Amino acid sequence: MDNLELRISKFLRAGVITAGIFLFIGWMSLLFANGSSFTTFQTYHAIPLSESLGAALDARSWTILIAYAGLIILISLPILRVMLTALIFIKQKEYLLAGIAAFVLITLILSFTLGIEL
Amino acid sequence: MESILLFFISIFGGFLGALLGLGGGIIIVPVLTLFLGVDIRYAISASLIAIVATSSGAAASFLKDRLTNLRLAVLLEVGTVCGAIVGFLVAKNINSDYLYVLFGFFLMFSAMMMLKKKEDHRATVDHPWSEKLKLAGKYTEKNGELVHYKIAKVPLGLFLMFFAGILSALLGIGSGIFKVMAMDGAMKIPMKVSSATSNFMIGVTATASAGAYFLRGDIRPEIACPVSVGIIAGSWIGARLMPKLPAILIRKIFVGVLSIVAIQMLVKGFN
C-alpha cells in the first residue's frame, strides 16, 4: 500500500480520538453547568454560530468553547482527507484525478458558506 | 436526564450501526425526535456530525483493507457534495412536517432494502470515463481468489450520487443505502467494493451539509456532544463484537423495529 494512504488512515483515527476527547470534556462540563434537560430544543430557534461563539468568548465559558473545538476538529477531518487525497494523486502524476479532488475540496468549502446568513 | 439517556442510546445506536453496516442517522434522528421530543432540525444536524465522526473512523480502517476504490470515491464525491448543497438549501426552505414524512418513507424503503437478497453484478465492458480515469480495480476474496472488476454507466452513477447527496443533507443520514444501490445496481461494481467505497465517501458527503448547519448554529453542543461520543464508542464496540453476534437475527428484529418507527414518523408528519 501507498505510504501516504497509510498515513491518511492513522491521521484520521488520531483526529477522531482527539475530537472525541474534546467533545467528552465539553459534554461533561455542559452537564454540570446546565443540567441534562432538552426542553429548550423542542422548538427551533435560529441562533447563528458566530453569535453563540461570541457570547461564549465574552463570558470566557471554556466548557462551551472546548465542545465547539471538538466539533470543528470533526468537521475538518473529511476536508483534510480530500486535501491529502489530492496530494496523493499529484504525487502519482494523476493530474486529472487531482483536479477532481480539488474541485470536491472547493465545493465543500463553498457549501459551508451557505450556512452564513447575510 | 435526557442528555445522559441520549448518550447511552447513541452507544447502542453506534453498536447496532457497526453490526448492521448502517450509519447512525437512521437511529439517531427518530430517537431524538420521537422519543426525546427534540425539533427535527436539531436532530438532523446532530445526526450529521455523528456520521462524520463514525465515517472518519471507518475510513481509516477501510483504507487498509484494499477494498475501497479511492479513485472512484473521489469522482463520485463530486455528485454527493453538489447534491448536499441542494439538499441543505431545500431543507432550509421546507416546512419541517415534510421532513418527518420524507424520513418515514426513507425508513420504510431502508427496511425493504434490508430484506432484499444481495447478489453481485459484474460489468463486462468498462465505461469510457472509467477507462479514461482508470477506475477499474481488483480485490482479493477471502478464499484468496483475485477479482478484477470493470465499471459500467459512470454518468448514471454520478447522477444517482447527486440524489444520495440531497437526501443526506435533507434527512441527516449518510445515505449509504443509496450509494451502494448506485454502485452495485447501476455501475455493476462488486458488493464488497461498493459498500467499502460508500462508507469511505459518507464522511465527505455529510461534512458538506454539516459545515453549513454548523455555521448556521443548528449543531448544538448540548445534543451533538453526547451523540458523537456515544456513537464513536458504540461503533468501536460493535466492530469488535461483530464476529461473535448473530447478525442475521439482529437484522430481522431491526427491520421490524424500523417499520414501526417509520409509521410513527409518518403519523407525526401528517398531524
Side-chain angles (χ1 to χ4, degrees), chain A residues 1 5-6 8-13 15-16 19-20 23-24 26-27 30-31 34-38 40-44 46-52 64 67-68 70-72 74-75 77-79 81-82 85 88-89 94 96-97 100-101 103-104 107-117, chain B residues 1-7 36-39 41-42 49 52-53 55-57 59-61 63-64 66 70-71 73-75 77-78 81-82 84-85 88-89 92 96 132-134 203-204 206-226 228-229 232-233:
Chain A
M1 183 197 279
E5 272 181 46
L6 196 70
I8 292 184
S9 283
K10 281 188 182 150
F11 168 80
L12 283 174
R13 186 158 294 152
V16 172
L23 291 169
F24 185 73
W27 177 48
L30 278 170
L31 260 185
N34 307 346
S36 164
S37 168
F38 278 169
T40 42
F41 300 115
Q42 280 168 5
T43 42
Y44 176 75
I47 308 170
L49 176 73
S50 48
E51 217 170 279
S52 321
I64 297 181
Y68 276 120
L71 293 174
I72 291 167
L74 266 191
I75 291 178
L77 286 179
I79 304 172
R81 203 272 279 156
V82 175
T85 315
I88 287 186
F89 289 133
E94 300 268 6
L96 187 53
L97 277 168
I100 295 172
F103 177 82
V104 171
T107 319
L108 260 183
I109 292 164
L110 277 180
S111 74
F112 288 8
T113 60
L114 294 175
I116 304 169
E117 307 269 337
Chain B
M1 235 10 247
E2 276 120 322
S3 175
I4 296 161
L5 198 61
L6 178 61
F7 173 66
L36 296 174
V38 169
D39 188 281
R41 290 176 195 276
Y42 292 131
I49 198 83
V52 173
S55 67
S56 295
S61 46
L63 261 179
K64 275 198 271 181
R66 292 167 186 243
L70 188 64
R71 308 170 75 93
V74 167
L75 175 67
E77 273 163 2
V78 172
V81 170
C82 292
I85 290 180
F88 174 79
L89 292 174
K92 209 168 119 178
S96 61
K132 170 95 179 141
L133 291 168
K134 296 199 264 321
V204 171
T207 301
S209 55
Y213 282 115
F214 182 60
L215 286 173
R216 200 162 70 133
D218 290 0
I219 299 182
R220 295 303 172 90
E222 292 88 339
I223 307 173
C225 288
S228 312
V229 176
I232 294 172

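We use all heavy atoms of the structure for the numbers below, so side chains are in, but hydrogens, waters and symmetry mates are not. Residue numbers start from 1 in every chain, and the chains themselves are labelled A, B, ... in the order their sequence lines are given, proteins ahead of strands. In this text the structure is predicted, and so the values were computed from the model without any measurement.
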Can you tell me how far apart [atom1] ([X]) and [atom2] ([Y]) are? Round to the nearest 0.5 Å.
X	Y	atom1	atom2	result
A/Leu23	B/Cys225	CG	SG	4.5 Å
B/Ser209	A/Leu114	OG	CG	10.5 Å
B/Thr207	A/Leu77	OG1	CG	8.0 Å
A/Leu110	B/Ile85	CG	CD1	6.5 Å
A/Leu74	B/Ile219	CG	CD1	9.5 Å
B/Arg71	A/Thr85	CZ	OG1	12.5 Å

Against chain B, label [X] side chain, backbone, both or neither, depending on which of its atoms sit under 4.5 Å from a heavy atom there.
X	answer
A/Glu51	neither
A/Phe103	side chain
A/Phe89	side chain
A/Ala101	both

State, yes or no, whether a side-chain contact exists between [X] and [Y] at a heavy-atom distance under 4.5 Å.
X	Y	result
A/Phe112	B/Phe88	no
B/Pro221	A/Tyr68	yes
B/Arg216	A/Ile116	no

Top of [options] for chain A proximity - count of heavy-atom pairs under 4.5 angstrom:
options	value
B/Ile223, B/Ile232, B/Leu6	B/Ile223
B/Leu75, B/Val52, B/Leu36, B/Val38	B/Val38
B/Gly203, B/Cys82, B/Ala208	B/Ala208

Q.
For B/Tyr42, give me all partners under ring pair (Phe, Tyr, Trp, His ring centres under 6.0 Å), at least two apart in sequence or on another chain.
A.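 Listed in chain order: A/Phe41, A/Tyr44.
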Check: Between A/Gly20 and B/Val229, what is the shortest heavy-atom contact and its length?
Finding: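 In terms of heavy atoms, the two residues are closest at O-CG2, 3.9 Å.
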Worksheet item: Looking only at heavy atoms, what is the nearest atom pair of A/Leu30 and B/Glu222, with distance?
Response: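 Nearest pair, atom of A/Leu30 first, then B/Glu222: CD1-N, 4.0 Å.
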Review point. Any side-chain donor paired with an acceptor under 3.5 Å for A/Trp27 and B/Ser3?
Key: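 Looking only at side-chain atoms, B/Ser3 and A/Trp27 do form a donor-acceptor pair, the distance falling under 3.5 Å.
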Legend entry - Selection from A/Thr107, A/Leu108, A/Ile109 maximising heavy-atom pairs under 4.5 Å formed with chain B: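 Counting heavy-atom pairs under 4.5 Å, the top option is A/Leu108.
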- prompt: Can you tell which of A/Ile72, A/Ile75, A/Ile64 has the highest number of heavy-atom pairs within less than 4.5 Å of chain B?
  reply: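 Result: the option with the highest number of such pairs is A/Ile75.
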**Message:** Could you go through A/Ile88 and B/Leu70, starting from their C-alpha distance and side-chain angles, then the distance that decides it, and tell me whether this counts as side-chain contact (heavy atoms from CB on, under 4.5 Å)?
**Reply:** CA-CA 10 Å; A/Ile88 287 186; B/Leu70 188 64; 4.2 Å; yes
